[in-house]
Amino acid sequence: LRVIGTQLTDDQKRLVYPELHKRLDDSSDPVRIQASVALEALIECLTPTYDDTNTGYLIKGLLIHMDDSNPAVQEAVCKVMEKLAKVKPGVVRVSLLEVRDMHRGTQYIDRVLSKL
């Protein structure tokens with residue numbers, strides 16, 4: 001993705017992120033962490049004009065894992081959200097505030113919010 005990402009159309013990006021989301025649900029934590037790395041690469045290809053609806057879908061899939069029982073997965077997903085917050089700050093802020101009180105801990109949400 002880092003090599004060809006800038007050449008991907010928005011439609012191609014919309015096809016890629018659901019597949020990466022599926023990897024976040026893998027039973028293997030190393031696979032889930034690597035999926036986060038791949039999502040970071042995908043986000044590096046997004047522009048502020050990427051549509052808010054698909055950004056919201058992407059965020060919703062990530063927010064579940066920011067409340068994961070494994071801190072390493074939480075950290076990896078938080079890094080993804082931090083990158084996404086640089087590209088789509090408004091959508092990220094609204095989404096984080098919607099779920100903040102539902103998460104067991106708020107440190108990762110608060111960390112992303114503090115960078116907005």
Side-chain angles (χ1 to χ4, degrees):
L1 284 171
R2 285 195 168 97
V3 174
I4 64 161
T6 57
Q7 299 168 0
L8 293 175
T9 66
D10 282 351
D11 286 337
Q12 290 170 321
K13 292 170 192 171
R14 283 184 203 107
L15 292 172
V16 170
Y17 81 76
E19 296 304 317
L20 295 175
H21 269 171
K22 289 178 190 175
R23 302 296 78 76
L24 288 176
D25 291 328
D26 198 277
S27 62
S28 168
D29 286 341
V31 169
R32 294 166 9 131
I33 292 167
Q34 286 305 306
S36 297
V37 173
L39 281 162
E40 283 187 67
L42 177 65
I43 288 166
E44 289 171 6
C45 307
L46 300 182
T47 65
T49 60
Y50 188 71
D51 76 273
D52 290 351
T53 300
N54 279 289
T55 301
Y57 294 144
L58 176 60
I59 292 169
K60 285 183 184 189
L62 293 170
L63 287 174
I64 295 166
H65 300 286
M66 279 182 68
D67 198 34
D68 196 88
S69 60
N70 182 338
V73 172
Q74 286 179 310
E75 179 65 32
V77 173
C78 184
K79 288 178 182 177
V80 176
M81 288 294 290
E82 288 174 327
K83 282 201 177 204
L84 188 55
K86 291 178 184 175
V87 180
K88 301 293 284 186
V91 181
V92 170
R93 178 187 305 277
V94 168
S95 297
L96 290 173
L97 291 173
E98 284 176 358
V99 302
R100 185 179 183 279
D101 294 332
M102 295 179 224
H103 278 215
R104 289 174 279 193
T106 62
Q107 69 270 24
Y108 292 103
I109 290 176
D110 291 342
R111 186 169 109 192
V112 177
L113 286 171
S114 73
K115 296 184 180 189
L116 292 173

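Nothing here was measured: the structure is a model prediction, and the numbers come from that model.
The shortest side-chain heavy-atom distance between Arg111 and Glu75 falls under the 4.5 Å cut-off. Between Leu113 and Leu97 there is a side-chain heavy-atom pair separated by less than 4.5 Å. Contact annotation: the side chain of Tyr17 approaches that of Leu42 to within less than 4.5 Å [non-hydrogen atoms, C-beta and beyond]. For the pair Leu84/Leu46, a side-chain contact is recorded, criterion being any heavy-atom separation below 4.5 Å from C-beta on. Two residues are said to be in side-chain contact when any heavy atoms from C-beta on lie closer than 4.5 Å; Leu62 and Leu24 meet this criterion. By the 4.5 Å heavy-atom criterion applied to side chains, Tyr57 and His21 are not counted as neighbours. Counting heavy atoms from C-beta outward, Lys60 and Ser95 have side chains that stay 4.5 Å or more apart. Annotation: side chain of Asp67 is not in contact with side chain of Met102 (no heavy-atom distance under 4.5 Å).
Across all their heavy atoms, Met66 and Val112 have their closest contact at CE-CG2, 4.2 Å. Scanning all heavy atoms of the two residues, the minimum distance from Ala72 to Ile33 falls at CB-CD1, 3.8 Å. Here the shortest heavy-atom pairing between Leu63 and His103 reads O-CE1, 3.1 Å. Between Arg23 and Ala35, the closest heavy-atom pair is CB-CB, 3.4 Å. When every heavy atom of Tyr108 is checked against every heavy atom of Pro71, the shortest pair comes out as OH-O, 3.7 Å.
Ion pairing of Glu82 with Lys79 is absent here, as no side-chain N (NZ or NE/NH1/NH2) approaches a carboxylate O to less than 4.0 Å. Salt bridge Asp25/Lys22: absent, no basic N to carboxylate O contact under 4.0 Å. Salt bridge Arg32/Asp26: absent, no basic N to carboxylate O contact under 4.0 Å.
Interatomic distance, CZ of Arg14 versus OG1 of Thr53, reported as 9.0 Å (0.5 Å rounding). Here the NZ atom belonging to Lys88 is positioned 13.5 Å from the CG atom belonging to Leu116, to the nearest 0.5 angstrom. To the nearest 0.5 Å, the span separating CG on Asp52 from CG on Leu58 amounts to 12.0 Å. Note that CE of Met81 is 8.0 Å distant from CD1 of Ile43, once rounded to the nearest 0.5 Å. The line from OG of Ser28 to CD of Gln34 is 10.0 Å long, rounded to the nearest 0.5 Å. The OG atom of Ser69 sits 8.0 Å away from the CD atom of Gln74 when rounded to the nearest 0.5 Å.
Asp110 meets the side-chain hydrogen bond (donor to acceptor under 3.5 Å, both in side chains) test with Arg100, Thr106; sequence neighbours excluded.
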With side-chain contact (heavy atoms from CB on, under 4.5 Å) as the test, would you mind laying out the steps for Ile59 and Val91 before giving the verdict? CA-CA 9 Å; Ile59 292 169; Val91 181; 3.6 Å; yes
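Between the side chain of Lys83 and the backbone N or O of Leu39, no donor-acceptor pair lies under 3.5 Å.
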